[in-house]
2 protein chains.
Amino acid sequence: MVRNKIDDINCSLADSLNLIGEWWTILILRESFFGTRRFEDFQQHLGIARNILTARLATLCDNGILERVPVKEGAKRHEYRLTSMGRDLLTVIIALTQWGDRWLRQEQGAPVNFIERDSGEVIPEVCIRSKDGRQLKTRDLAMVPGPGATDKTRERLRQIAEAWHKRELV
Amino acid sequence: MVRNKIDDINCSLADSLNLIGEWWTILILRESFFGTRRFEDFQQHLGIARNILTARLATLCDNGILERVPVKEGAKRHEYRLTSMGRDLLTVIIALTQWGDRWLRQEQGAPVNFIERDSGEVIPEVCIRSKDGRQLKTRDLAMVPGPGATDKTRERLRQIAEAWHKRELV
DNA sequence: ATTAATAGTTGCATTTAGCAACTTATTATG
DNA sequence: CATAATAAGTTGCTAAATGCAACTATTAAT
């Protein structure tokens, strides 16, 4: 799929989704965080079709999110492990899990709680904060061009800012 | 697709992905955060096929992430707006955008920076924190059954904890 | 009343995913 | 070492999802 074709803003979100936005990919990564490393284990835990799993693991390896390492020194079989790039996705995965807990399981409560290993305390919800630690909402945020902005991006951001003022200040 | 079929852990992540994990959905939500509300605008900004856009907007409305509201009092035409459930996804979207900034645009830098509207300061990276505000990494985290855990979930979490000890303490 | 814009729908081609059986290589076992 | 068992895919086929472009039906503007 070409999700960025006519996109008028060069956005890291679309790029990220091109790497991890395919069916199953995030659940594969969740399994990785759970400690799963072997093909058969991914397949059995997720119930994913074997050919799709093959394809997804290859994409993740090609993009540096997982790496294939020998099961042990000199072994021919390998396993799939998170790279630091992959581990860095944990924030996204936990944020999305917590969103599901909040909105899809209000009655039952979360099936799984993430705790800090040392203290055993449940971690608070991942959220957007200001530099000095205040929690921010959608309305508190705006966007400005960053160092990698193209002209198109600047233009789009200008239009967004303008539309916002029209709607918010009237 | 049935992504949760053989899943042996009842996970909010899989549920979340069933709502927002389809092609295009997250980019549609990004557009919503940018202020886009009308069908034609979504279509033109994203370059998405019209029938797919129709389907995605319907799913998002059905699940309470967007809502259809009349363009103005009494008008027949409507527009699509984020609900509070939808706005609550901003954390995920920013986390994923920032991940893309970090790993896919190391040279150029981020095309878009999120700032706090009042201060103009760029917001820090969304991250996982402990109760007292320390930043946590993958290794600092563990999982325990929450109030909504099933027997299967408990069993799986037990296995994960056991495997972790074997690998980490040797 | 007529036109233009908006918001879809429909039919068809292409791509992607699911399934189950088959293949190949690699470890374990007697 | 031979054989079996496991692991890790591959292949061929079916079903479902997506892309595209043209068409339709409202609604709003003049």
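Throughout, protein chains are lettered first and strands after them, A, B, ... in sequence-line order, and every chain is numbered starting at 1.
When rounded to the nearest whole Å, the span between CG of A/D41 and C1' of D/dT6 equals 12 Å. Distance B/R37 CZ to C/dA7 C1': 18 Å, rounded to the nearest Å. The distance from atom CD1 of A/I52 to atom P of D/dA17 is 14 Å, rounded to the nearest whole Å. Between the CG atom of B/L27 and the P atom of D/dG19 there is a distance of 11 Å, given to the nearest Å. Remark: C1' of C/dT16 and CH2 of A/W24 are 14 Å apart, rounded to the nearest angstrom. Separating the CG atom of A/L46 from the P atom of C/dG18 is a distance of 11 Å, rounded to the nearest angstrom. Nucleotide C/dA17 holds its P atom 5 Å from the CH2 atom of B/W23, rounded to whole Å. Note: CD (B/E22) to P (D/dA16) measures 15 Å, nearest angstrom.
In the helix from C/dA1-D/dT30 to C/dG30-D/dC1, the terminal helix axes, each the rotation mapping four pairs' C1' atoms onto the next four within five end pairs, subtend 30°, rounded to 10°.
A/R158 pairs by the salt bridge (charged side-chain N to carboxylate O under 4.0 Å, His left out) definition with A/E155, A/E162, not counting sequence neighbours. Applying the side chain to side chain contact (heavy atoms under 4.5 Å, CB included) criterion to A/T36, with sequence neighbours excluded, gives A/E31, A/D41, A/F42, A/H45, B/R156. With sequence neighbours excluded, the residues satisfying side chain to side chain donor-acceptor pair (under 3.5 Å) with A/S12 are B/D101, B/R105. A search for side chain to side chain donor-acceptor pair (under 3.5 Å) contacts involving B/R154 returns nothing, not counting sequence neighbours. For the side chain to side chain donor-acceptor pair (under 3.5 Å) test, no residue two or more places apart in sequence or in another chain qualifies with A/E67. With sequence neighbours excluded, the residues satisfying side chain to side chain contact (heavy atoms under 4.5 Å, CB included) with A/A142 are B/I115, B/R117. Residues meeting the salt bridge (charged side-chain N to carboxylate O under 4.0 Å, His left out) test with A/R81, sequence neighbours left out: A/E79.
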Output a table of nitrogen or oxygen pairs between the protein and nucleotides 25-30 of chain D separated by less than 3.5 Å.
from, atom 1, to, atom 2, distance (Å)
D/dT27, O2, B/R77, NH2, 2.9
D/dA28, OP1, B/K76, N, 3.3

Can you give me the N/O atom pairs linking the protein to nucleotides 9-11 of chain D at distances under 3.5 Å, or say none if there are none?
from, atom 1, to, atom 2, distance (Å)
D/dG9, OP1, A/R68, NH2, 3.1
D/dG9, OP2, A/Y80, OH, 2.5
D/dG9, N7, A/R50, NE, 2.9
D/dG9, N7, A/R50, NH2, 3.1
D/dG9, O6, A/R50, NE, 3.3

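Taking 4.5 Å as the limit, some side-chain heavy atom of B/W99 sits within range of a side-chain heavy atom of A/M85. Side chains of B/M143 and A/F114 form a contact here, defined as non-hydrogen atoms less than 4.5 Å apart.
Listed by first then second residue, pairs satisfying salt bridge (charged side-chain N to carboxylate O under 4.0 Å, His left out) with a partner in residues 134-145 of chain A read A/D132-A/R134, A/R134-B/E116, A/R139-A/E168, not counting sequence neighbours.
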List the atom pairs, with distances to 0.1 Å, where a side-chain N or O of residues 120-128 of chain B and a protein N or O form a donor-acceptor pair under 3.5 Å, not counting sequence neighbours.
from, atom 1, to, atom 2, distance (Å)
B/E121, OE2, A/K131, NZ, 3.3
B/E125, OE1, B/R102, NH1, 3.0
B/E125, OE2, B/R102, NH1, 3.4

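Between B/E79 and A/R56, the residue anchored nearer the 5' end of DNA chain C, judged by the nucleotide with its closest heavy atom, is B/E79.
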